[in-house]
Amino acid sequence: MNTAVWSEDERDLQGDTKDVGKSKRKMEEHPDPEDSSAKNGTKSSEKPEKEEKRDQKISDYGQVTLDENNAHHKIHLLSIIGEIEGHENLNSSQKTTKYEHVLPQLAAIADSTEVDGLLVLLNTVGGDVESGLAIAEMIATLGKPSVSLVLGGGHSIGVPLAVATDYSYIVPSGTMIIHPVRMSGTVIGAQQTYDYFKRIQDRILGFVAGHSDAPQKQLEEMMMNTGMLTKDLGTILVGQEAVDCGLIDEVGGIKDAMQKLHELIEKGKTKEM
């Protein structure tokens with residue numbers, strides 16, 4: 001009870017006892033809003049605290065759990081943006097996806113009994129081959145329904161990431177670039193160096209071919225294409241072109257990707273029953 005009520009009861013005890021009964025009935029019929037909010041303080045503060053944690057997770061890692069849908073599915077959203085960072089930190093002014101953040105999160109998703117599926121949003125220029133392949137392998141072996149959506153671009157090592165999910169989408173204006181492996185730093189001009197590059201490219205092409213409908217030979221031809229990029233080798237695929245060559249499953253947007261993921265989750269639950 002608040003201070004005002006205590007003061008009122010004190011006066012009633014000194015006066016007519018009937019007023020005490022009236023005062024109590026009045027409080028029962030019209031409870032003090034401040035007292036009511038105090039009792040429900042925990043509930044009223046739960047939502048802002050949840051939203052604050054949600055916003056912080058998006059800000060720090062570009063990840064969030066989507067659980068307010070009609071199907072009551074818990075979907076983990078993973079965004080792969082900018083450049084995929086390797087074992088060395090990139091410039092602080094660059095947008096990056098850090099594999100040391102993504103790998104533990106994917107392991108937690110695989111082990112969780114609450115998360116039903118994974119939605120991957122891609123807008124990346126590529127980056128470190130080892131880190132990109134590590135993330136792609138984790139997504140491919142997650143054991144839970146997964147869908148990817150290529151937005152602005154899924155270039156270079158972003159290609160294996162796009163095809164690593166159970167189903168893939170690309171927006172009509174989205175692009176994907178397939179090109180040979182590049183290496184920074186000192187490169188020895190020897191046959192062994194060429195063989196090393198070739199083995200890395202075979203690893204990438206093998207993964208992409210194994211998780212899409214694009215034949216490995218066709219992918220290698222696109223990688224070594226000399227007639228499209230003016231200052232580099234490779235091929236640019238825009239929207240429907242990525243679907244036509246078998247790299248991506250379908251052209252669509254976020255609504256299509258969400259709907260497909262819900263379908264895959266429901267199919268998975270039906271099989272378990």
Side-chain angles (χ1 to χ4, degrees), residues 62-63 75-86 95-99 102-103 105-106 109 117-142 144-181 200-216 218-220 222-223 225 234-261 264:
Q63 301 180 37
I75 297 171
H76 188 90
L77 173 66
L78 169 65
S79 59
I80 298 176
I81 60 173
E83 187 168 350
I84 298 164
E85 197 173 72
K95 292 285 186 181
T96 62
T97 295
K98 299 178 181 294
Y99 76 98
V102 178
L103 295 183
Q105 190 61 57
L106 289 172
I109 293 168
L118 174 69
L119 176 63
V120 182
L121 301 183
L122 285 140
N123 187 15
T124 176
V125 296
D128 187 84
V129 171
E130 303 293 339
S131 301
L133 281 178
I135 297 172
E137 290 283 8
M138 287 281 283
I139 294 173
T141 58
L142 194 63
K144 293 188 178 182
S146 58
V147 172
S148 64
L149 174 61
V150 178
L151 296 166
H155 306 157
S156 191
I157 201 62
V159 175
L161 290 165
V163 304
T165 54
D166 297 324
Y167 204 86
S168 57
Y169 285 91
I170 186 171
V171 295
S173 61
T175 60
M176 304 184 78
I177 299 178
I178 303 173
H179 65 75
V181 174
I200 295 175
Q201 288 177 179
D202 288 344
R203 287 167 59 201
I204 296 170
L205 294 175
F207 182 91
V208 175
H211 292 84
S212 70
D213 294 328
Q216 184 165 341
Q218 180 186 350
L219 290 169
E220 189 169 1
M222 288 192 289
M223 180 180 280
N225 182 19
T235 301
I236 301 174
L237 300 171
V238 181
Q240 186 62 45
E241 294 175 347
V243 177
D244 293 339
C245 75
L247 198 60
I248 299 295
D249 292 310
E250 193 175 339
V251 173
I254 184 65
K255 181 180 178 181
D256 303 299
M258 291 292 291
Q259 184 177 346
K260 185 65 177 181
L261 186 52
L264 293 175

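Hydrogens, waters and symmetry mates play no part in the numbers below; they use all other heavy atoms, side chains included. Sequence positions, counted from 1, serve as the residue numbers for this chain.
- At least one side-chain heavy atom of L149 sits under 4.5 Å from a side-chain heavy atom of I254.
- Although no hydrogens or angles enter the test, the distance criterion places no donor-acceptor pair under 3.5 Å between the side chain of S148 and the main chain of T165.
- In this structure, L237 CG and H155 NE2 are separated by 9.5 Å, a value rounded to the nearest 0.5 Å.
- If you take CD on E241 and CD1 on I236, they are separated by 9.5 Å, rounding to the nearest 0.5 Å.
- In terms of heavy-atom proximity, I84 sits nearest to S131 at CG2-CB, 4.1 Å.
- Summarising the local packing, CD of Q216 is surrounded by more than 12 heavy atoms from other residues, nucleotides or ligands at distances under 6.0 Å.
- The two residues V171 and G253 have their closest heavy-atom pair at CG1-CA, 4.4 Å.
- Side-chain contact between D166 and K260: absent, with no pair of heavy atoms (C-beta onward) separated by less than 4.5 Å.
- Summarising the geometry, atom CG belonging to D213 is positioned 12.0 Å from atom CG belonging to D244; distances are rounded to the nearest 0.5 Å.
- A distance of 11.0 Å separates CG of L264 from CD of Q259, quoted to the nearest 0.5 Å.
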Working for side-chain contact (heavy atoms from CB on, under 4.5 Å), residues R203 and L133: CA-CA 9 Å; R203 287 167 59 201; L133 281 178; 3.7 Å; yes
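- For the pair L106 and I139, the minimum side-chain heavy-atom distance is below 4.5 Å.
- Looking at every heavy atom in both residues, I248 comes nearest to M176 through CG1-SD, 3.6 Å.
- Between the T124 side chain and the I81 main chain, no donor and acceptor come within less than 3.5 Å of each other.
- Although no hydrogens or angles enter the test, the distance criterion places a donor-acceptor pair under 3.5 Å between the side chain of S168 and the main chain of D249.
- For Q201 (side chain) and P180 (main-chain N/O), no donor-acceptor pair under 3.5 Å exists by modelled atom type.
- Here the straight-line distance linking atom OG1 of T235 with atom CG of N225 works out to 4.0 Å at 0.5 Å rounding.
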Could you go through the side-chain contact (heavy atoms from CB on, under 4.5 Å) check for L247 and L219 one step at a time? CA-CA 9 Å; L247 198 60; L219 290 169; 3.9 Å; yes
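- Side-chain contact between H76 and K144: absent, with no pair of heavy atoms (C-beta onward) separated by less than 4.5 Å.
- Contact detail for F207 and A140: the closest heavy-atom pair is CZ-CB, 4.2 Å.
- Side-chain contact between L119 and M258 is present, with at least one heavy-atom pair separated by less than 4.5 Å.
- Within the 4.5 Å cutoff, the side chain of V120 has no heavy atoms near those of the S146 side chain.
- When every heavy atom of C245 is checked against every heavy atom of Q218, the shortest pair comes out as CB-NE2, 3.5 Å.
- Minimum heavy-atom separation, M223 to L205: CE-CD2, 3.6 Å.
- P145 places a side-chain heavy atom less than 4.5 Å from the side chain of L261.
- A 4.5 Å side-chain heavy-atom check between V102 and I80 finds every atom pair outside the cut-off.
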